[in-house]
Amino acid sequence: MTTSPLTPRVPLVDNPELSIYWDNHLRDAFLEAAPVIYPPFVEASIAHVYMLCETGILSRDRATRLISGLLTLWTRHAEGHQDYVFDGSVEDPYYFLEQQLAAACGIGTAELDVQLARSRNDLDAGAFRMVLRRQLLDQADLVVQAARDAAELAEAHTESLIIGFTHRRPAQPTTIGHVLSGFAEALLSQADEMLSVYDELNVSPLGSAAFTGTDLPIDSALVGRLLGFDRSFTASYEAVAGAEHFMRLAAVQARSAATGARLSRVLLEWMTFRWIATPTPFTQGSSIMPQKKNPVVLEHMVSMAGASAADMAAVFANIGAGWYEDSNNATTDVQKHLWRAGERGVRFMRMLDGLFIGLELAELPSIEFIVKSGATTTAVAEALAARGVPWRAAHDVVGTLVRAQDPTAWTAEDVERAFIGAGLEVNEELTALTLGAGQRPERILEREQVGSPGREAVRVAAGLALGRAEELAAGFAARRGHLDDTREALLSLATTISEGDQWPSTR
């Protein structure tokens, strides 16, 4: 192929020591994945080597040497001294682990046994679950905390009367407490799902090898227990090929952000209406207009929800593009979308909860303003229906009146004409009822219906939310404590083996 000297070829390789594939994919994939996936690789390898010795597959001397080297790698990571350099000597984090371990043990890679009875497939699947389960706990803790804070705000604002909207038009009176008690319920629904996803995620695939297991007498359950998994796989094929937990996680991450973005839009309007104060720490100024105090965090949160939805779509698209077997589409290539969405979800919930903590009232709408908005007209129609006027007719009467002018301007003559226009008889009692029933929006605070804006109903809803938040917080804390305890026990076990002649048995 010839090229004109006037149109030089665009270089395909940045690093001439690498192939085009290594230079344009493996390098970037390594640099993105290694800092995330390498630490659980080390942790899982400690458990795996220990198990190989416990089952008699590997000699104690060789196992001790490997565990000592792995403990060196873990210490290097824990102290922040591990570098991830892609120099072309290995293709991915799996071989990087072997390279680092051989150096730490003072042996050649040919002498390693760390991958005995193990594949990249089950190691990747196990380590990825280990990354995701902790990231999910981080997000869940914040979701539950935000639910608790929303419920406490609801209790504090049971009488903070505002206008509720449907289709972005004034609809009916409600309270800030009523809205936030509802959002607390939504957050708790997300936390419930996260708890369920965690329990499905915390199943060990280690021991399934490539996808059929091994002829060697390994103890998969032991490896799982040492790493804090609740149980081990039941089907080795699904253990490495399965993606249900990925899709469920992607969905709840996107769902959490989407619901939070919807509330962000509402909070933005409340700030615009000056019902609540615009918190300065969440704003930016204008480059040209000195009076501006823009709550851009809320706009960014809506965009973050869009990014989480895009990551969810990428996860589903990749998985759907693969076969039902271990494949890059369904396993490796979804990783970056999931941990990126998880990290974003943590930042999103921190900002949302920060807005709750800083929420302050500014100037709530006046009673007259609420009435003028038309938000009380449903109460008028319902009052007429309660006096025997057919509902549709009552609806028509009030609709005719409010289309002509706001309720503060209605007169007895207006009411009489509206009744006559609807083919109804009218009397002084119905006229007085029509004129008066919509003048006191604060009556909504006395409503006793469960789940309503009534002050007592909101307090009950908030109390239930607080109780459920405490239950969920305890559940997540127990799971985190279990992971921390098992990690500490594993590292203590490795230290005992490395520093002396002892070989503690856990079987």
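Remember, predicted model here, so these are calculated numbers, not experimental data.
Considering CZ of F282 and CG of N294, their distance stands at 15.5 Å, rounded to 0.5 Å. Y198 contributes atom OH, which lies 5.5 Å from atom CZ of R133 (distance to the nearest 0.5 angstrom). With rounding to the nearest 0.5 Å, the separation of CG in D124 from OH in Y94 is 3.0 Å. Atom CZ of F316 and atom CE of M247 lie 5.5 Å apart (nearest 0.5 Å). How far CG of D353 is from CZ of R148: 9.0 Å, rounded to the nearest 0.5 Å. For the atom pair CZ of F128 and CZ of F41, the computed distance is 11.0 Å after rounding to the nearest 0.5 Å.
In this structure, the side chain of R455 does not engage the main chain of E159 through any donor-acceptor pair within 3.5 Å. Panel note: side chain W410, backbone Q405; a donor-acceptor pair is recorded below 3.5 Å. A side-chain donor-acceptor contact under 3.5 Å links Q135 to the backbone of W339. One N or O on the side chain of R129 and one on the backbone of V203 form a donor-acceptor pair closer than 3.5 Å. The backbone N or O of D333 lies less than 3.5 Å from no partner atom in the side chain of N328, so there is not a single donor-acceptor pair. Judged purely by atom type and a 3.5 angstrom limit, T376 has no side-chain atom pairing as donor or acceptor with the backbone of A379. Using a distance-only test at 3.5 Å, with no hydrogens or angles considered, a donor-acceptor pair links the side chain of S236 to the main chain of F211. A distance-only check finds a donor-acceptor pair linking the side chain of D414 to the backbone of T411 [under 3.5 Å]. Under the 3.5 Å distance criterion, the side-chain polar atoms of K293 are matched with a main-chain donor or acceptor of T278. Not one N or O on the side chain of N329 forms a donor-acceptor pair closer than 3.5 Å with the backbone of W323.
Nearest heavy atoms, V458 versus H178: CG2-CA, 3.9 Å. In plain terms, the two heavy atoms of E155 and G463 that are nearest each other are OE2-N, 4.2 Å. In terms of heavy-atom proximity, A191 sits nearest to F476 at O-CZ, 3.5 Å. Shown here for G374 and T377, the closest heavy-atom pair between the two residues is O-OG1, 2.9 Å. The two residues D122 and G207 have their closest heavy-atom pair at OD2-N, 3.0 Å. Across all non-hydrogen atoms, the minimal contact from I163 to A171 is CG2-N, 4.2 Å.
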* Verdict with supporting geometry, R417 and T400, side-chain hydrogen bond (donor to acceptor under 3.5 Å, both in side chains) -> CA-CA 9 Å; R417 281 195 297 269; T400 297; over 6 Å; no
* Run the side-chain contact (heavy atoms from CB on, under 4.5 Å) check on L338 and V315 step by step: do they pass? -> CA-CA 8 Å; L338 286 169; V315 168; 4.0 Å; yes
* Asked: Could you go step by step and tell me if S256 and V143 meet the side-chain contact (heavy atoms from CB on, under 4.5 Å) rule?
  -> CA-CA 8 Å; S256 178; V143 168; 4.0 Å; yes
* Decide yes or no on side-chain contact (heavy atoms from CB on, under 4.5 Å) for Q172 and I444, but give the supporting numbers first. => CA-CA 9 Å; Q172 293 182 350; I444 199 117; 5.5 Å; no
* Under the salt bridge (Lys or Arg N to Asp or Glu O under 4.0 Å) criterion, do E343 and R340 qualify, and how do the steps go? -> CA-CA 5 Å; E343 183 272 336; R340 182 169 59 197; over 6 Å; no
* Could you give me the CA-CA distance, side-chain angles and deciding distance for D149 and Q145, then say whether side-chain contact (heavy atoms from CB on, under 4.5 Å) is met? => CA-CA 6 Å; D149 290 338; Q145 180 175 288; 3.9 Å; yes
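Between S189 and R255, the closest side-chain pair of non-hydrogen atoms falls below 4.5 Å. Annotation: side chain of L483 is in contact with side chain of R134 (closest heavy-atom distance under 4.5 Å). The side-chain heavy atoms of N318 and F246, taken from C-beta on, include no pair separated by under 4.5 Å. For the pair L361 and I176, the minimum side-chain heavy-atom distance is below 4.5 Å. A 4.5 Å side-chain heavy-atom check between R344 and Q253 finds every atom pair outside the cut-off. In this structure the side chain of L206 never reaches within 4.5 angstrom of the side chain of S232, judged on heavy atoms. A 4.5 Å side-chain heavy-atom check between M271 and L355 finds at least one atom pair inside the cut-off. At least one side-chain heavy atom of T431 sits less than 4.5 Å from a side-chain heavy atom of E416.
F273 and F165 have their aromatic ring centers within a separation under 6.0 angstrom. A ring-centre distance under 6.0 Å is not found for F96 and F86.
At most 12 non-hydrogen atoms from other residues, nucleotides or ligands lie less than 6.0 angstrom from CZ of R169. Crowding of Y84 atom OH: a count of heavy atoms from other residues, nucleotides or ligands under 6.0 Å exceeding 12. Within 6.0 Å of CZ on R347 lie more than 12 heavy atoms contributed by other residues, nucleotides or ligands. Residue H395 places its NE2 atom among 12 or fewer non-hydrogen atoms of other residues, nucleotides or ligands, all under 6.0 Å distant.
A salt bridge links E368 and K372; the closest N-O separation between the charged side-chain nitrogens and carboxylate oxygens is under 4.0 Å. Note on R350 versus D138: no salt bridge recorded, every NZ/NE/NH1/NH2 to OD/OE distance being 4.0 Å or above. Salt-bridge annotation for E185 and R468: absent, with no side-chain N of the basic residue lying under 4.0 Å from a carboxylate O of the acidic one.
A donor atom on one side chain and an acceptor atom on the other are not found under 3.5 Å apart for H482 and R479.
Geometrically, R262 does not engage F183 in a cation-pi contact, judged by NZ or CZ lying under 6.0 Å from the ring centre and within 45° of the ring axis.
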